[in-house]
Amino acid sequence: KCVAIVHEFENFNFKFSIVETETPPETLKSLFISEMSSIDKIIVDHYLSLQFSDTKYFVLNQENLDIGYACGVLENGFLTVYELFVIPKYRELGFGTQIFNYMRNFTKINKLKIRSITLPSDRTGKNFYESNLITARALIMEEKRENSRYRP
């Protein structure tokens, strides 16, 4: 059984918290899936068909308003981050990093390693993870498709 931690902090004169849950914040998850599908619907549809046995959600909220979340799966000694999303209004303010650091602490407490999955043409995601000291270890290669992929 993993140990959960709760993180509270203040920023911009507001109170924020990150909590671990067993279910996703549905509205934020829908926004994430929509945004990622605009990059690569085929891979996202495949991802949505997968079944995971030990999924954790880490939800960031500002005074009872969910503004971001991450989905991690415990597998083979890793917490694999498959989803990390912050609503656009709150981006580039360090909130994604707050969620990621929370997960990093979770992995240290539970003696796990952290890794992440991001779409190959999602430069925003790639840059985010690299800025948080996560480096690419594998690439999935496939034949070129008709439509190019790019995160707006």
Side-chain angles (χ1 to χ4, degrees), residues 1-2 4-5 7 16-62 64-108 110-152:
K1 184 79 178 164
C2 288
I5 54 176
H7 178 61
F16 295 88
S17 63
I18 300 172
V19 295
E20 180 186 330
T21 68
E22 298 298 319
T23 58
E26 292 297 339
T27 301
L28 295 183
K29 184 172 180 87
S30 293
L31 290 169
F32 171 79
I33 296 303
S34 175
E35 192 171 305
M36 292 299 103
S37 292
S38 72
I39 298 170
D40 196 323
K41 184 165 177 24
I42 293 169
I43 290 178
V44 171
D45 286 346
H46 171 72
Y47 164 69
L48 292 173
S49 75
L50 301 175
Q51 298 292 316
F52 300 108
S53 62
D54 199 355
T55 304
K56 304 285 183 206
Y57 292 92
F58 305 92
V59 182
L60 169 66
N61 78 44
Q62 173 202 347
N64 298 318
L65 171 67
D66 292 341
I67 62 169
Y69 82 102
C71 169
V73 175
L74 285 91
E75 51 191 6
N76 303 316
F78 286 91
L79 175 68
T80 303
V81 182
Y82 284 96
E83 303 170 25
L84 198 151
F85 179 80
V86 174
I87 58 176
K89 176 180 170 182
Y90 289 85
R91 289 186 185 162
E92 298 188 24
L93 299 172
F95 293 115
T97 299
Q98 284 278 355
I99 297 169
F100 193 77
N101 286 340
Y102 176 98
M103 290 185 297
R104 193 182 300 275
N105 288 336
F106 176 90
T107 60
K108 286 179 183 176
N110 292 288
K111 296 178 176 45
L112 300 166
K113 297 283 185 187
I114 195 165
R115 66 179 170 193
S116 64
I117 306 294
T118 192
L119 295 174
S121 53
D122 180 3
R123 294 287 178 215
T124 303
K126 177 187 170 294
N127 293 342
F128 171 81
Y129 287 117
E130 286 179 344
S131 73
N132 283 285
L133 306 176
I134 301 296
T135 187
R137 295 279 183 231
L139 296 174
I140 297 171
M141 308 298 286
E142 66 181 41
E143 290 183 67
K144 186 171 175 74
R145 296 192 207 150
E146 191 173 312
N147 298 322
S148 64
R149 299 169 286 181
Y150 176 72
R151 182 177 188 171

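Start at 1 with the first residue, then count along the sequence.
- Nearest heavy-atom pair across Thr55 and Glu22 is O-OE1, 3.8 Å.
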- Item | side-chain contact (heavy atoms from CB on, under 4.5 Å) evaluation trace for Lys113 with Thr107 | CA-CA 6 Å; Lys113 297 283 185 187; Thr107 60; over 6 Å; no
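- Gly68 and Ile99 make their closest contact through C-CD1, 3.9 Å (heavy atoms, listed as atom of the first residue, atom of the second, distance).
- Counting heavy atoms from C-beta on, the side chains of Ile18 and Val59 never come closer than 4.5 Å.
- Here Leu79 contributes atom CG and Ser116 contributes atom OG; the two are 10.0 Å apart, rounded to the nearest 0.5 Å.
- For Ser17, the side chain to side chain donor-acceptor pair (under 3.5 Å) partners at least two apart in sequence or on another chain are Asn61.
- Rounding to the nearest 0.5 Å gives a distance of 7.5 Å between CZ of Phe52 and SG of Cys71.
- By the 4.5 Å heavy-atom criterion applied to side chains, Thr21 and Val19 are counted as neighbours.
- For Arg115 against Thr80, the heavy-atom pair with the smallest separation is NE-OG1, 2.7 Å.
- Contacts classified as salt bridge (charged side-chain N to carboxylate O under 4.0 Å, His left out) and involving residues 42-52 (residues at least two apart or in different chains) are given here: Lys41-Asp45.
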- Item | Pair Lys56-Leu74, side-chain contact (heavy atoms from CB on, under 4.5 Å): steps then yes or no | CA-CA 8 Å; Lys56 304 285 183 206; Leu74 285 91; 3.3 Å; yes
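- Under the 30°/60° scheme for interplanar angles, the aromatic rings of Phe106 and Phe58 are found to stand perpendicular.
- A donor-acceptor contact shorter than 3.5 Å is absent between the side chain of Ser34 and the backbone of Ser30.
- Smallest separation of non-hydrogen atoms from Leu112 and Phe78: CD2-N, 4.2 Å.
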- Query: For Ile43 and His46, what are the C-alpha separation, side-chain angles and deciding distance, and is it a side-chain contact (heavy atoms from CB on, under 4.5 Å)?
  - Reply: CA-CA 5 Å; Ile43 290 178; His46 171 72; 5.5 Å; no
Expected list for residues 81-90: side-chain donor-acceptor pairs under 3.5 angstrom, two or more places apart:
residue: Tyr82; atom: OH; partner: Glu75; partner atom: OE2; Å: 3.0
residue: Glu83; atom: OE1; partner: Lys29; partner atom: NZ; Å: 3.1
residue: Glu83; atom: OE1; partner: Tyr69; partner atom: OH; Å: 2.4
residue: Glu83; atom: OE2; partner: Lys29; partner atom: NZ; Å: 2.6
residue: Glu83; atom: OE2; partner: Tyr47; partner atom: OH; Å: 2.4
residue: Tyr90; atom: OH; partner: Gln62; partner atom: OE1; Å: 2.4

- Would you please test Asp40 and Met36 for side-chain contact (heavy atoms from CB on, under 4.5 Å) and show each step? CA-CA 6 Å; Asp40 196 323; Met36 292 299 103; over 6 Å; no
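- Taking every heavy atom of both residues into account, Asp66 and Pro25 meet most closely at OD2-CB, 3.7 Å.
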